[in-house]
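What follows is a short report on a single structure.
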Amino acid sequence: MSLVILDFGSQFTRLIARRFRELNAFSVILPGNASLEEIRSHQPLGIVLSGGPASVYDTDAPTPADGVMELELPILGICYGMQYLVHEGGGKVERIGTREYGKAVLESYSGDLFAGVIGEFVAWMSHSDTPTSLPKGYFVSASTSDTPVTGIENSHLKRYGIQFHPEVVHTPKGARLLENFLAICNITRDWTPAHILENLIADVKAKVGTDKVLLAVSGGVDSSTLALLLSKAIGSQLTAVFVDHGLLRLNERDEVETALRPLGDENLITLDTKTEFFAALEGVSEPEAKRKVIGREFIRAFEREARRLAGSGYRWLAQGTLYPDVIESAGGTGAANIKSHHNVGGLPDDLAFSLLEPFRTLFKDEVREIAKLLGLPEEIRTRHPFPGPGLGIRVLGEVTPEKVDILQRVDNIFISSLREFGLYHEVAQALAVLTPVQSVGVMGDYRTYSYLVALRAVTSADFMTADWARLPQDFLEVVANRIVNLVPEVNRVVYDITSKPPATIEWE
Ligand code: XMP
């Protein structure tokens, strides 16, 4: 039982799904033209028609597939979705000269969708078309001074349209409308972490039966949570393979192995591949070339193990693919599978696995909630992102075991000091970079000629853009002192004060 959101290309569609989930209701996003059959397979109790850039009177305007509007289900149309309800019902939609964009205050509102809303209603608009005559059975449920028809309702058919976006934070009371729509649809609000976990376990059990499952773990939240989930669902049918490429953080291997202890020693295989990785990285200093070598060696190591195990009948390869990856590729259609297959990272075709992706319907924060329920230690759950190529891209230039060893100690001092001073969660990501620069210093009576390290900490919402974190000067002083005193190979510490853009978060 779910709510189906048909996506007509709005940049906010994903946010609509998020909002419903925050109200503990399950929703799926399907392409605007998803077939009736596909929609029915989700057992919908209601349909949302999203916004989108098209105009309903365009000849190629996107529409729901045949039969969808005949389903006797409540429908909520947002922006383009509302205009479609008008157009489809026989009303008229026209371009209103100027585009209405941004904040507006409703002059009046009424009807079932607005039930229980009191006081001023601020709505966030983004449109240039507006209904000029309504289909039979509809009344105007909301208006602003600029847009007389901002909301419409057909109580008999349970069809509701709003011109503004209830899902964005700039419509502060928007959640109440979504909540009302859930009540109209009779959707049980039981999409809680505990319930999600219960469903995931049941689904995995049903799908996998008595087959064996292989999983590559990186130590990140998604793969570690998946390991714990699968272990709970299918116990010893799971084998998790942890590739230690020698580019991990100090003590990271121990932390991951401890976190995954519930799997049982025989179900977690740690591959020590340091020698192969460092040999492959010898003489490679160009950043993209390093990334490629690390990616290739990772696949090789995993492939060797998969081949060794293949003889013992592993049928499934589990992956921590998340919902945003699925939507990004194709809105949940067949094309999504093609992308996930590539996510496996180029395993050869003769290693024929079926993909098991239990998190395909979840957002990252939902996975974190589940991680908590499964007992994944907090340090791992709430850790800053760490790139797949690990410290390999934070040792600038050629990567050697000696340099990684230096960087591990520096990184550990920086990160543990951030935690000690209560600053770790104030920044989105913090890292240390070992530069190839050596400079002159003086320690005691001795001249030194040692490495320069750079510390970087950023604030960021999505890692696409970032600002340098204004860490307290006293804290930076303590960290710099600790580093030069405890890591003899380093005699100079600098702090990176560049934002992204123009710089990136990582240095390579
Ligand atoms: P940049 O350096 O591009 O990083 O500003 C943005 C975010 O992505 C992470 N990052 C990676 N993650 N594989 C990953 O899994 C990679 O090759 C990679 N490169 C960068 C980076 O740590 C930051 O969070």
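Remember, it's 1-based here, ligands and their atoms both numbered in the order they're listed. Sequence positions, counted from 1, serve as the residue numbers for this chain.
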- prompt: Do other residues, nucleotides or ligands put more than 12 heavy atoms under 6.0 Å from the CD atom of E266?
  reply: yes
message: I need the single residue from H245, R300, R304 that forms a side-chain contact (heavy atoms from CB on, under 4.5 Å) with E276. Which is it?
response: R304
- prompt: On the ring face of Y495, is R456 found with NZ or CZ under 6.0 Å from the centre and within 45° of the axis?
  reply: no
message: Tell me whether the NZ or CZ atom of R360 lies within the 45° cone about the ring axis of Y323 and under 6.0 Å from its centre.
response: no
List of N/O pairs, ligand 1 versus protein, all under 3.5 Å?
| from | atom 1 | to | atom 2 | distance (Å) |
| --- | --- | --- | --- | --- |
| ligand 1 | 2 (O) | I505 | N | 3.3 |
| ligand 1 | 2 (O) | E506 | N | 2.9 |
| ligand 1 | 5 (O) | K500 | NZ | 2.7 |
| ligand 1 | 5 (O) | I505 | N | 2.8 |
| ligand 1 | 13 (N) | G388 | N | 3.4 |
| ligand 1 | 15 (O) | G388 | N | 3.1 |
| ligand 1 | 17 (O) | R291 | NE | 2.9 |
| ligand 1 | 17 (O) | R291 | NH2 | 3.4 |
| ligand 1 | 19 (N) | R291 | NH2 | 2.7 |
| ligand 1 | 22 (O) | Q429 | NE2 | 2.8 |
| ligand 1 | 22 (O) | E506 | OE2 | 2.6 |
| ligand 1 | 24 (O) | Q429 | OE1 | 2.7 |
| ligand 1 | 24 (O) | Q429 | NE2 | 3.4 |

query: Does R383 come within less than 4.0 Å of E252, counting only side-chain N to carboxylate O?
result: yes
Backbone N/O of L238 and side chain of Y314: donor-acceptor pair under 3.5 Å: no
